[in-house]
Each structure stands twice: as structure tokens, then as C-alpha cells.
Amino acid sequence: MSASVTSTSGQDSLLSQAVSAAKSSATTAKNASDKTGTTTSSAGGAALSSMTENFNQFLTLLTTQLQHQDPTNPTDSNNFTAQVAQFAGVQQQVQSNTTLSSLLSATQDNQLTSGANLIGKTTTATTSSLPLQNGQANVSYTAQQAGDVAIAVTNTAGQVVRSETVSAAVGQQSWHWDGKDNAGNQLADGGYYVAAEGTATDGTSVALPTTVSGTITGISRDSGTVNAQMGGASVALKTLNAFQG
């Protein structure tokens, strides 16, 4: 009887951790979306703007100094030389950052163009974003040892819609979701989040990275990252693995 109680307790613990991980993924994605895509993509632009402002202030101060210095007692030549060197260094830094920003934008534009060729292909990606397409979703993970694996799915609001504990063998395993919630209701296609929790070889619980599959329906750029759209799910292009079709 005690073994059964321990097993149930262990299952509940794994499921609780899987739920927390899935909720965390949804919250992180929501917070990033709420920033309207300007903070990450414009981080370099903000730094460049600040540097340019300082550069202009420096130029104004230097010009004013030259205009108001006493001709009979000019500014110390060593200090003046150092200021001119700083001026040149800041100017070069501004130009370098402008060039790097242009190169980054060009690279992302090229990724968007190249990514368009992927539309319609089926792919896999190592991510917590789970695309539900045509009422179906597939997830794979690698179990470190045989035993229970808890899987949890949340919607974009972080609400748990599906959770269950399965018995897994050692190695790569797959889990199919029919798109139904815990009450048996069919959910709408779109983006969800998944997490899997298993047991490590030392007996402790461990998060199992998930690999999802789906059909690419579009390519977008958001917050400086090029993403592949799988229906309502957005997955970073760099996380994609194999392609079919």
C-alpha cells in the first residue's frame, strides 16, 4: 500500500512541476509580446542613439571651448589633443555601430527571404511552443530512465488545458495530443505551450526538453528575431531541425 501511495505522490510532483514549467513558458512569451517588439530589436538602436547624443554634446562643448578660450592663454595643448582623440574615437564608434545595425538588418531580411521557401514544409523544432494544427499536435522527448513522465499543456494565457502522466521507456519517446482539454472538449487550433518532466538516473526529477512538429505557414520578424509560424505558434528559425515536404 505504501508503494502505491509513494508512486501517486511522485506522479503528482512530476505533474505539478510540468504544469509550472508550461505556465512559465507562456508567461515569458506573453511578457515578451507585451513589450511590442521594441525593446529587444531597438536595444542596439537605443545604445546608438545615446552614443550619438553624447557625441553631439561633446562636439558642442569642444566648439564652445575653442570659441571662448583666451588667445593669450590657449587651452593646454596636451588636453586639447586628448579631446580631439576622444572626439575621433566616439565618431568612429558611432559609424561602426551604424554599419553593424545595417548589416544585422540586411541579414534578417535575407533570412526572411530564404525562409519563405520553407512555407508549406513540415518541420521539427526544439522548443516549448506547441502548434495545434488540424486538431493535432505531436511532441517528442528523451527519457533518461524508464518510469513516469508528466506532460502539461497550457494556452497562451498560461491556463492548463491538458495534463497527464504517461509511462515511458528509456530513450526517445513521442506523445500525441488530440487537441482536447482535460474535460474532453476540442480546442481551437493555435499556439500552446508544453513541458515534460521525468526522472533522472539519480532519482531526482528533471525537465525534459521537448521537440514539436508542425507545418510552417509563414515567416515573420519580431524583436530582432526571425520566426517560423506554425499556425498560431511562433518558433525561432534557429530552433528548427529537419524538414519534410
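- When every heavy atom of Y193 is checked against every heavy atom of A22, the shortest pair comes out as CB-O, 3.9 Å.
- V149 and V153 fall within the same hydrophobic cluster, defined by Ile, Leu, Val, Met, Phe, Trp and Tyr side-chain heavy atoms under 4.5 Å apart, directly or through other members.
- A donor-acceptor pair under 3.5 Å links the side-chain atoms of D189 to the main chain of N134, judged by distance alone.
- V194 and V206 fall within the same hydrophobic cluster, defined by Ile, Leu, Val, Met, Phe, Trp and Tyr side-chain heavy atoms under 4.5 Å apart, directly or through other members.
- T165 contributes atom OG1, which lies 11.0 Å from atom CD of E197 (distance to the nearest 0.5 angstrom).
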Worked verdict on T204 versus T199 for side chain to side chain contact (heavy atoms under 4.5 Å, CB included): CA-CA 6 Å; T204 60; T199 305; over 6 Å; no

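- The minimum heavy-atom distance between A169 and A143, with the atom names listed, is O-CB, 3.4 Å.
- Of the possible donor and acceptor atoms, none in the side chain of T124 sits under 3.5 Å from a partner among the backbone N and O of S213.
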Verdict with reasoning, S140 to Q173, per side chain to side chain contact (heavy atoms under 4.5 Å, CB included): CA-CA 5 Å; S140 65; Q173 305 295 318; over 6 Å; no

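- In this structure, the side chain of Q144 does not engage the main chain of D202 through any donor-acceptor pair within 3.5 Å.
- Under the 4.5 Å side-chain criterion, counting only non-hydrogen atoms from C-beta, V160 is in contact with K23.
- Under a hydrophobic clustering in which Ile, Leu, Val, Met, Phe, Trp and Tyr are joined whenever their side-chain heavy atoms come within less than 4.5 Å, directly or via other members, V139 and V161 fall into the same cluster.
- With Q145 contributing its side chain and A200 its backbone, the two residues share a donor-acceptor pair below 3.5 Å.
- Separating the CG atom in N138 from the CG atom in L130 is a distance of 9.0 Å, to the nearest 0.5 Å.
- Cluster annotation: I219 and V235 are assigned to the same hydrophobic cluster (Ile/Leu/Val/Met/Phe/Trp/Tyr, side-chain heavy-atom contacts under 4.5 Å, transitive).
- The CD1 atom of I151 sits 11.0 Å away from the CG atom of L14 when rounded to the nearest 0.5 Å.
- Listed by chain and residue number, H176 satisfy the side-chain hydrogen bond (donor to acceptor under 3.5 Å, both in side chains) test with Q136 (two or more places apart in sequence, or in another chain).
- Smallest separation of non-hydrogen atoms from Y141 and V166: OH-CG2, 3.6 Å.
- Taking CG of N227 as the reference point, atom CG of L240 lies at 9.5 Å (rounded to 0.5 Å).
- Here the side chain of S24 pairs no donor or acceptor atom with the backbone of S20 at under 3.5 angstrom.
- In this structure, the side chain of N182 engages the main chain of S163 through a donor-acceptor pair within 3.5 Å.
- Both L208 and W175 sit in one connected hydrophobic cluster of ILVMFWY residues. Membership requires side-chain heavy atoms under 4.5 Å apart, directly or through other members.
- When side chains are defined from C-beta on, L132 does not count as touching M230, because their heavy atoms never get closer than 4.5 Å.
- In terms of heavy-atom proximity, Q133 sits nearest to G231 at NE2-N, 3.3 Å.
- With hydrogens and angles left out, the side-chain atoms of Q17 and S205 include a donor and acceptor closer than 3.5 Å.
- Residue N155 comes nearest to Y192 through the heavy atom pair CA-CD2, 3.7 Å, listed as atom of the first residue, atom of the second, then distance.
- A donor-acceptor pair shorter than 3.5 Å can be found between the side chains of S220 and Q229.
- With hydrogens and angles disregarded, a donor-acceptor distance shorter than 3.5 Å links the side chain of R162 to the backbone of K180.
- Side-chain contact annotation: Q159 with T154, donor-acceptor N/O pair under 3.5 Å absent.
- Smallest separation of non-hydrogen atoms from P131 and V212: CD-CG2, 3.9 Å.
- Two residues are said to be in side-chain contact when any heavy atoms from C-beta on lie closer than 4.5 Å; N241 and T126 meet this criterion.
- A donor-acceptor distance shorter than 3.5 angstrom exists from the side chain of T210 to the backbone of T127, with no hydrogens or angles considered.
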